[in-house]
Amino acid sequence: AQTVTQSQPEMSVQEAETVTLSCTYDTSESDYYLFWYKQPPSRQMILVIRQEAYKQQNATENRFSVNFQKAAKSFSLKISDSQLGDAAMYFCAYRSYNAGNMLTFGGGTRLMVKP
Amino acid sequence: NAGVTQTPKFQVLKTGQSMTLQCAQDMNHEYMSWYRQDPGMGLRLIHYSVGAGITDQGEVPNGYNVSRSTTEDFPLRLLSAAPSQTSVYFCASSYRGRTDTQYFGPGTRLTVL
């Protein structure tokens, strides 16, 4: 079974600064997907970014980018130019290539943004 | 499209009571699933379905039943509620393609006293 670990329960960043959230995972599979989800106080789960394991290029979505290190099984999220609206819980998630659409989540990192 | 809807938003039960959490989607998604979210543990998969009439267990299925008689609906039944089932429950759905995004409902906060 796959496991996903987020070692930082809480992080804080100054507005306009850059912050990196860490995620490691354990799997014996070679093909899979990795995701970062944002959960604001409204509880809604919002997809931030997705990475396919077979792609060497790191995914980027506006101010959000990942550092995907397949050999190290590491998948960190970098948020540039942090904004107050970025304050939320962030979850890293793993999906097997052939396991339907079921996700395995990490425990989450609470990000606080200081004005 | 309403997307993924869940009812109720909040519920309080007494130990031993039964209830059904409703989930519906209007996007004609084949895949649907239920997760529970507990503090510090992220979301964990309870049950999932890859199509009408087909369901299977996830990581934490004990104490829950599901059925999928239509593509649109995927209710989660608690047979005899226990305090350990106090949690936030999310329903999610997606198309069956490998690259398809999973859409989450707004969640149901359940408290079992």
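Each chain gets a letter, A, B and so on, in the order the sequences are listed, and its residues count up from 1. These figures come from a predicted structure and were not determined experimentally.
For K70(A), the NZ atom is densely surrounded, since the number of other residues' heavy atoms within 6.0 Å is greater than 12. Within 6.0 Å of the CZ atom in R110(A), the count of heavy atoms belonging to other residues, nucleotides or ligands does not exceed 12.
Between the Q102(B) side chain and the L47(A) main chain, no donor and acceptor come within less than 3.5 Å of each other.
No part of E30(B) comes within reach of chain A, as not one of its non-hydrogen atoms sits under 4.5 angstrom from that chain. Both the backbone and the side chain of L43(B) come within less than 4.5 Å of a heavy atom in chain A. When heavy atoms are compared at a cutoff of 4.5 Å, F90(B) approaches chain A solely by way of its side chain, counted from C-beta outward.
A pairwise comparison of heavy atoms in R43(A) and K9(B) identifies NH2-O, 3.8 Å as the closest pair. Taking each heavy atom of L103(A) and F104(B) in turn, the nearest pair found is CD1-CZ, 4.1 Å.
Cation-pi geometry between R44(B) and F91(A) is not met: the NZ or CZ atom fails to fall both under 6.0 Å from the ring centre and inside 45° of the normal.
Counting heavy atoms from C-beta on, the side chains of M102(A) and Y31(B) never come closer than 4.5 Å. Between M45(A) and Y35(B) the shortest side-chain heavy-atom distance does not fall below 4.5 Å.
Atom-to-atom distance recorded for T101(B):OG1 and F35(A):CZ is 7.5 Å, nearest 0.5 angstrom.
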